[in-house]
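Structure first, commentary second.
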Amino acid sequence: MYALIDCNSFYASCEKLFRPDLKRRPVVVLSNNDGCVVARSAEAKALGIKMGIPYFQIKDFLQQHRVAVFSSNYALYADMSARVMNTLEQLCPDVEVYSIDEAFLYLGRYPAALNDLTAYAKLIKTTVERHTGIPVGVGVGKTKTLAKLANYAAKTHPATQGICVLDKASWTERLMTITPVEEVWGIGRQHTKKLHSLGITTVAQFAAMSHSLVRQHFNVVMERTNLELNGVMCLGLEAAMAKQEIVSSRSFSKKITEFDDLSQAVMGHVSKAAVKLRKQQSVCKILVVFAKTSAFNPNEPYQSIRGQYQFINATCDTRVMIAGARQVLERIYKPNLKYAKAGVMLCAIQDQATIVDDLFEKPDLLKQQQSQKLMAVMDAINQQMAYQSKAQAKGSSKGNGGRLFIASTGIAKQQDWQMNRAFLSPSYTTKLSDLLTVH
DNA sequence: TCTGGGGTCCTAGGACCC
DNA sequence: TCTGGGGTCCTAGGACCC
């Protein structure tokens, strides 16, 4: 038995948490660069605001309906997420954090839960809500895919009051009959199209297909989904693994053409990616640099540039990585393109402890130790600054303000291409200067 | 004017090996 | 003229997820 816990309208709920005045108001949260709507409170959904719609298209509509608009405040959401996950870990020994707002619990080793699944699901819901203030839905089923389906039911049907336990076959069948097949976890747009052409529109119809037939028409992934819907466990709880790829990329608030601007942006992404790399105690062997023009401009062809650097010895030293990225960018840069987005990807990632050195280029051990210490100091100082710095507070979210950084990532004032975050809320829970004061 | 970002898994096809 | 069989590794691209 698995439970899936999902936070309701997570980003919007986080924003409401510290703004009681918004309790009944519609709230939307925008993607990076204030591009699209990525989260909507229940009131905003009721207004018919669609997920993923570009902000500029509905700006007036939002104003008319007094919708509160926020830029993404990732520091706030990450911290609230950690609180939710901590609470869940207190309630069950086997937790898989699946995304920022979702977690699977495996109940098989937890008799207290198995005894009375409904009571346990209620306990989860009320405890998380009391500890964190974030409303959640709970779905329980024999497999992960069924728990997901149950969670969908808890979200969609008000009668469930946010809790759905699929422990009776009749219940499960009924739910599958009234649920469209595209709501199944693992069935996206393309597969839905194909299923429709085969005359399959409901979950029940898909579940009734034989798994070998599914395999014929699709692939093993779909076959597993089909088996899971029939109660055959194909997916287990997954441990948090070190990332095999790390990406940092962003759209610019305005198009850029100059090499220096592009370079500053790319080097900033190298720095961010390197921090993530060190955080999981890895090193990388390959660094990919890419940049592209807008895919939405009908007047100019979409173009992208891309190139990679292979390190002789795997590294996580920001300075080494920036030097590599610089070489690549000089090689691939095309003048006269209007770049809309740029970034880097780190590949061939290995654990620091298991590095295999190059046969001929033995690394200098002393240098290696110096590098490790230097990076550790830089990361530690920047972490402290993140808690205290006012430089990145509301309205001045651009640039490197107040941190230790490599000079080639540029100086804050000049970077007018940095992303827009016009509606950023304070970092209530992660920055001393943003703590709420109660009068 | 303005359209997100960060991941995973799987497959097909090419290059190469013996 | 006829042109095997079995394997690995890598890359690109498609599909999915949140």
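Every chain is numbered from 1, with letters handed out A, B, ... down the list of sequences.
- At a threshold of 4.0 Å, the pair A:E43-A:R66 does not count as salt-bridged, since none of the basic side-chain nitrogens sits closer than that to a carboxylate oxygen.
- Closest contact between the side chain of A:K255 and the listed nucleotides C:dC16, B:dC2, B:dT11 involves B:dC2.
- Remark: B:dA15 base-pairs with C:dT8; criterion is Watson-Crick or G-U wobble with both hydrogen-bond distances under 3.5 Å.
- At the heavy-atom level, A:N33 lies nowhere under 4.0 Å from the strands shown.
- Between A:E182 atom CD and C:dC16 atom P the separation is 12 Å, expressed in whole Å.
- In this structure, the nucleotide among C:dC17, B:dG7, B:dG4 sitting nearest to the side chain of A:K243 is B:dG7.
- Per the geometry, NZ belonging to A:K144 stands 12 Å off C1' belonging to B:dT8, to the nearest Å.
- A:F104 has its CZ atom 11 Å from the C1' atom of C:dC18, to the nearest Å.
- Using a 4.0 Å heavy-atom cutoff across all strands shown, A:V97 reaches no nucleic acid atom at all.
- Side-chain proximity of A:F56 to B:dC9, B:dC2, B:dG6: nearest is B:dC2.
- The separation of B:dT3 from C:dC18, taken at their P atoms, amounts to 25 Å, rounded to a whole angstrom.
- Remark: P of B:dG4 and CD1 of A:I100 are 19 Å apart, rounded to the nearest angstrom.
- Of all nucleotides listed (C:dC17, B:dT11, B:dG7), C:dC17 comes nearest to the side chain of A:K148.
- No engagement by A:K59 is indicated, since no non-hydrogen atom pair under 4.0 Å with the nucleic acid exists.
- Of the residues A:K255, A:K292, A:K338, the one that meets the salt bridge (Lys or Arg N to Asp or Glu O under 4.0 Å) test with A:E300 is A:K338.
- Residue contacts for A:E245: at a heavy-atom cut-off of 4.0 Å it reaches a base atom on one of the strands shown.
- At a threshold of 4.0 angstrom between heavy atoms, the contacts of A:S72 with the nucleic acid are absent.
- Of all nucleotides listed (B:dT11, B:dC10, B:dC2), B:dC10 comes nearest to the side chain of A:R224.
- Checking A:Y77 against A:E15 by side-chain atom types alone, a donor-acceptor pair falls below 3.5 Å.
- Side-chain atoms of A:S13 come within 3.5 Å of backbone N or O of A:N8 as a donor-acceptor pair.
- The residue A:I187 sits close only to the backbone: its heavy atoms come under 4.0 Å of sugar-phosphate atoms, none of a base.
- Counting any heavy atom pair closer than 4.0 Å across all strands shown, A:E102 reaches sugar-phosphate atoms only and no base atom.
- Within the 4.0 Å cut-off from OP1 or OP2 of B:dG7, at least one side-chain nitrogen or oxygen of A:K276 is found.
- One interatomic measurement links the two molecules: CG of A:N219 to P of C:dC16, which rounds to 9 Å at whole-angstrom precision.
- At whole-Å resolution of the value, OH in A:Y55 and P in B:dG4 are 15 Å apart.
- In the set B:dG7, B:dG6, B:dC10, B:dC10 carries the atom at the smallest distance from any side-chain atom of A:V220.
- Taking the six-membered ring for Trp, A:W185 and A:Y2 have ring centres at least 6.0 Å apart.
- Closest to the side chain of A:Q244, from the set B:dG6, B:dC9, B:dC10, is B:dC9.
- Closest to the side chain of A:P54, from the set B:dT11, B:dG7, B:dT3, is B:dT3.
- Contacts of A:D101 with the nucleic acid, taken as non-hydrogen atoms under 4.0 Å apart, involve only primed sugar atoms and P, OP1 or OP2.
- Distances were taken from every side-chain heavy atom of A:S251 (C-beta onward) to each of B:dG5, C:dC18, B:dT3; the shortest belongs to B:dG5.
- Atom CG in A:N420 sits roughly 12 Å away from atom P in B:dC2 (whole-Å rounding).
- Side-chain proximity of A:S249 to B:dG7, B:dG5, B:dT11: nearest is B:dG5.
- Between the side chains of A:N32 and A:S72, no donor-acceptor pair of N or O atoms lies under 3.5 Å.
- Under 3.5 Å, the side chains of A:N73 and A:S425 contain a donor-acceptor pair of N or O atoms.
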